Amino acid sequence: MIRLAVIGLGAVTRNIHLPAYRRLKGRVTLVAGCDVDLATRAAMEKTGLFKRIYDSHEEMLDKAKPDVVSICTPPFLHHQQCLDALERDCHVFCEKPLAESLAHADEIILASSRCMRSVVVNSQFPNMNIYTAAKKQIGSPEFGRLLFLHAWQTFRPTADTEGGWRANMQRRLCFEFGVHVFELIRHFFDATPSTLWAHMPRPIRASNTESLNIIAMEFPDGRAASILLDRVSKGPERYLEMRLDGEHAAVHTSIGGELRFEVGLHTRQRKPFMGLHVVKGGQAVLQQAERATVIGTDGMNPFASATAVHFGNFLSAIEDGRVPSGTAEDHKATLALTLAAYDAAESRKVVAIAPYLSGAATRKDLS
Ligand SMILES: NC(=O)c1ccc[n+]([C@@H]2O[C@H](COP(=O)([O-])OP(=O)(O)OC[C@H]3O[C@@H](n4cnc5c(N)ncnc54)[C@H](O)[C@@H]3O)[C@@H](O)[C@H]2O)c1
């Protein structure tokens, strides 16, 4: 049984990690948790899920001696906490984004290799059923090659979603949410874009951070992807929609529940249509002209179920002595795209991605 400890017992631990660990019962045992906030510690003590709860991660690591440490604190703490866990011979499961700069990511990657311990980042979206189903289509006779991908979000921020440490972030939307989208784009194209262009206007003057991300990127072979993250719209919220255009068909993925009845007319064919759509946590639909086939669905908490798959794969790799997928090194390319997007928006120029991956680009902190 793998001994697991958790640093940071806030929302992501409550809503994503604990439900994920529950699914992996019998493979991990929660030996300890730690949080600097007294009320959070007290609430977690009541659940009885942790053998012991500490107020300092160093003390927890020294006394509980876990095999694996999950880091669920705000991003600006990940770098030091990853290093502290690695130095104590722990494998690390770190929440995204791994670090605030590529220099910090490099230090974590070096420490991971020096200590011979793995660091895996919880960029878990590719493990959702809907994205697994979409990925399976790529290269199939029905879909063909993936040519173009567009991803979009419309989200209405509230005091709750923007409170705490997030309130102090000047670069928030692309850094904290955009990483998920970049990770999916790299996953679907099996490649990292070669160039990127971004526009991050701030139409809400009082806002501390960007509320719109308009990003376009190109792959060396001419294929392309674009992202629109919209926190200005007062229209219906969609957490993450994605359309993958292949040579012969398209796939539309959607995260979030939906109950919709539609009746209409396909104008070109003059054919009526009717449909009832019931979606719990997410849906992937293969679209061949007007024909739509559901190819994948997710339950009410796809974030937790995907984390369970990702973390389960990590545990298997540790048990078998294999290199896991989703390591810090792999995540660095996702982080590089995020960083490049901010640089492109500031410089108003198309930026090349290669220098970010080789370390030649100016390394700026994202804080
Ligand atoms: N993978 C996902 O789907 C997903 C979803 C949400 C959040 N996240 C990520 O999870 C991380 C945490 O986000 P959150 O929403 O849980 O934030 P949160 O504020 O709800 O929780 C963070 C917790 O860390 C604690 N903390 C702060 N400093 C600490 C320290 N030095 N030692 C120990 N504990 C400390 C805080 O008291 C708080 O309880 C972020 O990196 C965020 O981007 C990932």
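Just so you know, these numbers come straight off a predicted model, no measurement behind them. Every number for a ligand or one of its atoms is a count from 1 in the order of the listing. Counting from 1, the numbers follow the sequence of the chain as shown.
Against a heavy-atom cut-off of under 4.0 Å, Asn122 is close to the following atoms of ligand 1: 1 (N). Residue Gly8 has at least one heavy-atom neighbour below 4.0 Å for each of these atoms of ligand 1: 24 (O), 34 (N). Close contacts of ligand 1 with Ile16, meaning ligand atoms under 4.0 Å from a residue heavy atom, involve 2 (C), 3 (O), 5 (C). Within ligand 1, counting atoms from 1 as listed, the ones closer than 4.0 Å to a heavy atom of His78 are 41 (O). Proximity to Asp37 (heavy-atom distance under 4.0 Å) selects the following atoms of ligand 1: 37 (O).
Looking at Arg223 and Glu218, no side-chain N of the basic residue comes within less than 4.0 Å of a carboxylate O on the acidic one, giving no salt bridge. Under a 4.0 Å N-O distance rule, the pair Arg231/Glu210 does not qualify as a salt bridge. Salt bridge status for Glu329 with Lys332: absent, with no side-chain N to carboxylate O gap under 4.0 Å. The pair Arg114-Glu87 meets the salt-bridge criterion, with a side-chain N (NZ, NE, NH1 or NH2) lying under 4.0 Å from an Asp/Glu carboxylate O.
Distances from ligand 1 to the non-hydrogen atoms of Gly164 include no value under 4.0 Å.
The shortest N or O to N or O distance between Gln124 and ligand 1 is below 3.5 Å. Not a single N or O atom of Pro97, backbone or side chain, sits closer than 3.5 Å to an N or O atom of ligand 1. An N or O contact shorter than 3.5 Å links Val12 to ligand 1 by distance. Note: an N/O pair closer than 3.5 Å links Asp35 and ligand 1 by distance alone.
Aromatic ring centres of His187 and Phe125: separated by at least 6.0 Å. Here His78 and Trp165 keep their ring centres 6.0 angstrom or further from each other. In this structure, Phe177 has its ring center no closer than 6.0 Å to that of Phe182. The ring of His17 has its center no closer than 6.0 angstrom to the ring center of Phe311.
For the pair Asp330/Glu183, a side-chain contact is recorded, criterion being any heavy-atom separation below 4.5 Å from C-beta on. Within the 4.5 Å cutoff, no side-chain heavy atoms of His150 are placed close to those of Met242. Inter-residue side-chain proximity for Cys72 and Val6 is flagged as met; some heavy-atom pair is nearer than 4.5 Å.
At the top of the distance list for atom 31 (N) of ligand 1, counting protein heavy atoms only, stands Gln81 NE2, 3.5 Å. The protein non-hydrogen atom at the shortest distance from atom 22 (C) of ligand 1 is Cys72 O, 3.7 Å. Summary of contacts: the protein heavy atom closest to atom 21 (O) of ligand 1 is Gly10 CA, 3.4 Å. Given atom 11 (C) of ligand 1, the protein heavy atom at minimum distance is Thr73 O, 3.4 Å. Protein heavy atom closest to atom 27 (C) of ligand 1, with residue, atom name and distance, is Val36 CG2, 3.7 Å. The protein atom (non-hydrogen) at minimum distance from atom 41 (O) of ligand 1 is Lys96 O, 3.0 Å. Atom 42 (C) of ligand 1 has its closest protein heavy atom at Glu176 OE2, 3.3 Å. For atom 20 (O) of ligand 1, the nearest protein heavy atom (residue, atom name, distance) is Ala11 N, 2.9 Å.
Contacts with ligand 1 closer than 4.0 Å are made by side-chain heavy atoms of Arg166 only, the backbone lying farther away. Only the side chain of Leu77 comes within 4.0 Å of ligand 1, counting heavy atoms alone; its backbone N, CA, C and O stay farther away. Using a 4.0 Å cut-off between heavy atoms, Ile7 contacts ligand 1 through its side chain alone, with no backbone atom that close. Proximity of Ser56 to ligand 1, defined as any heavy-atom pair under 4.0 Å, is not found for any part of the residue.
Within the model, atoms CG of Leu149 and OG of Ser226 stand 7.5 Å from one another, a figure rounded to the nearest 0.5 Å.
Taking all heavy atoms of Phe125, Tyr54, Trp165 into account, the minimum distance to atom 17 (O) of ligand 1 is reached by Trp165.
A donor-acceptor contact shorter than 3.5 Å links the side chain of Asp67 to the backbone of Arg3.
Cation-pi geometry between Arg52 and Tyr54 is satisfied (NZ or CZ under 6.0 Å from the ring centre, within 45° of the ring normal).
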